[in-house]
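Okay, structure first, notes after.
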Protein chains: 2
Amino acid sequence: MVDDVRWLSVEEQWSWRAYLRATRELDAALDRDLQCSGVSLPEYELLSMLSEADGSRLRMSTLAELIVQSRSRVTHTAARLEQRGWVRRTPAPDDRRGVVLELTDEGRAAIERFAVVHVRSVRRHLVDVLSPTQFHALGEAMQAVRVAYAADPTTPDRPAAPC
Amino acid sequence: MVDDVRWLSVEEQWSWRAYLRATRELDAALDRDLQCSGVSLPEYELLSMLSEADGSRLRMSTLAELIVQSRSRVTHTAARLEQRGWVRRTPAPDDRRGVVLELTDEGRAAIERFAVVHVRSVRRHLVDVLSPTQFHALGEAMQAVRVAYAADPTTPDRPAAPC
DNA sequence: GGGTCATAGTTGAAGCGTCAACTACCGGGT
DNA sequence: ACCCGGTAGTTGACGCTTCAACTATGACCC
């Protein structure tokens, strides 16, 4: 197993760097646009998933998976959102360990305001700067990444950290 | 200007979600793989840029732009890396305000070890799960995002936060 | 050559995220 | 009934990131 490292080719390197920098810049841009109207991107994503959920309610764990955050982080984020009155914590009916997070009316009003800002931001920085074909290809590629990631046996899901 | 929001179509929404989740998962996976060998992804990126630079030395600001981090963050990150003896801070020859960060020999040895881990990680989670064509298209798309971002007049570069 | 504005970088406090430890509950087996 | 391993969620401490304020220098211009 000596030096069997398959380094990236020049083209691969170029694409990888473009990916890396663009994702960082995009993330920063989307977050900045939202911050200006009063939420961070992670908070927005949480509210957004809730608002789309059936009955505007989701189990903490489900939420964590949807927005790709650790359960602990969701607890903290939800706590902050609860303080602002946008979200409410209720016990799960079927599982006494569980907690269901639900959007309050103020939460719904807030997310609707933010969504306007956010969709503009996403269009401006991403969707509208690509051709429809290009954007679709991007989606397909990223979906492939997700599928591969989920299938990877040595990547035992989120909570566990195998070192 | 009433309700002129162009919401995302169902397909657009799908691609956007795929992008959002995949980037999060990828970031977490790459970071986790590196953490296991002793650096975080942000730290790795800093060292990596230094190691490729002419003379293994870069100005703080240049570094900040290359790895898409705030100057303040680079200061803190560099301080941590300096404590581990991987990096050294020297005054810039031509500008007395400036600081040049340079890789130490230990730093070089370290980054070379990490690079092996990292490139495997990048291949496993991204490059090798896409066809060459698909990966190239991804690179092109992301580059387009960067170009548009850089050209955007209302996005006055990094440091400034226009609210 | 002195005012003014921009740039380079640092600092420290506050906020957010991570991690490991913890409580509580579920479910299967015996 | 009990034990056991697994799942749901929380907690608090620690570490990283952000933000605003600050020093110091450069650059322009009159």
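Chain identifiers are assigned alphabetically (A, B, ...) following the order of the sequence lines, protein sequences preceding nucleic acid strands; residue numbering begins at 1 within each chain.
Whole-Å rounding puts the B:D27 CG to C:dT18 C1' distance at 14 Å. We find that CG of B:D95 is positioned 7 Å from P of C:dG9, with the value rounded to whole Å. The CD atom of B:E65 sits 12 Å away from the C1' atom of C:dT7 (whole-angstrom rounding). Rounded to whole angstrom, the span from the CZ atom of A:R73 across to the C1' atom of D:dA8 amounts to 19 Å. Separating the CG atom of B:L81 from the P atom of D:dG15 is a distance of 16 Å, rounded to the nearest angstrom. Atom pair A:L46:CG and C:dC16:P shows a separation of 14 Å (rounding to whole Å applied). The separation between B:M60 atom CE and C:dG9 atom P is 7 Å, rounded to whole Å. Remark: P of C:dC25 and CG of A:D94 are 14 Å apart, rounded to the nearest angstrom.
Donor-acceptor pairing under 3.5 Å, judged by distance alone, is present between the side chain of A:R71 and the base of D:dG9. If you check distances only, the side chain of B:R97 does reach the base of C:dT7 with a donor-acceptor pair under 3.5 Å. At a cut-off of 3.5 angstrom, counting only N and O atoms as typed in the model, there is a donor on one side and an acceptor on the other between the side-chain of A:S72 and the base of D:dT11. For A:H76 and C:dG15, a side-chain-to-base donor-acceptor distance below 3.5 Å is absent, hydrogens and geometry of angles not being considered.
At D:dC16, one or more side-chain N or O atoms of B:R80 fall inside 4.0 Å of OP1 or OP2 (strictly under the cut-off). Side-chain N/O atoms of B:R96 include one lying less than 4.0 angstrom from OP1 or OP2 on D:dG26.
Each of C:dG17, C:dT10, D:dA8 was ranked by its minimum atom distance to the side chain of A:S61; first place goes to D:dA8. You'll find that the side chain of B:R59 is closest to C:dG9, out of D:dG9, D:dG26, C:dG9. Side-chain atoms of B:P42 lie closest to D:dT17 of the nucleotides C:dC25, D:dT17, D:dG9.
Looking at B:R108 and B:S56, their side chains do bring a donor and an acceptor atom within 3.5 Å of each other.
No salt bridge links A:R84 with A:E106; every basic N to acidic carboxylate O contact stays at or beyond 4.0 Å. A salt bridge does not link B:R73 to B:E45: none of the charged side-chain nitrogens sits closer than 4.0 Å to a carboxylate oxygen. Remark: B:R120 does not engage B:D128 in a salt bridge, criterion side-chain N to carboxylate O under 4.0 Å.
Remark on DNA chain D: of its neighbouring residues B:E43 and A:D31, the 5'-side contact belongs to B:E43, judged by nearest-heavy-atom nucleotide.
Of all heavy-atom pairs spanning A:T104 and A:G85, the tightest one is OG1-O, 2.6 Å.
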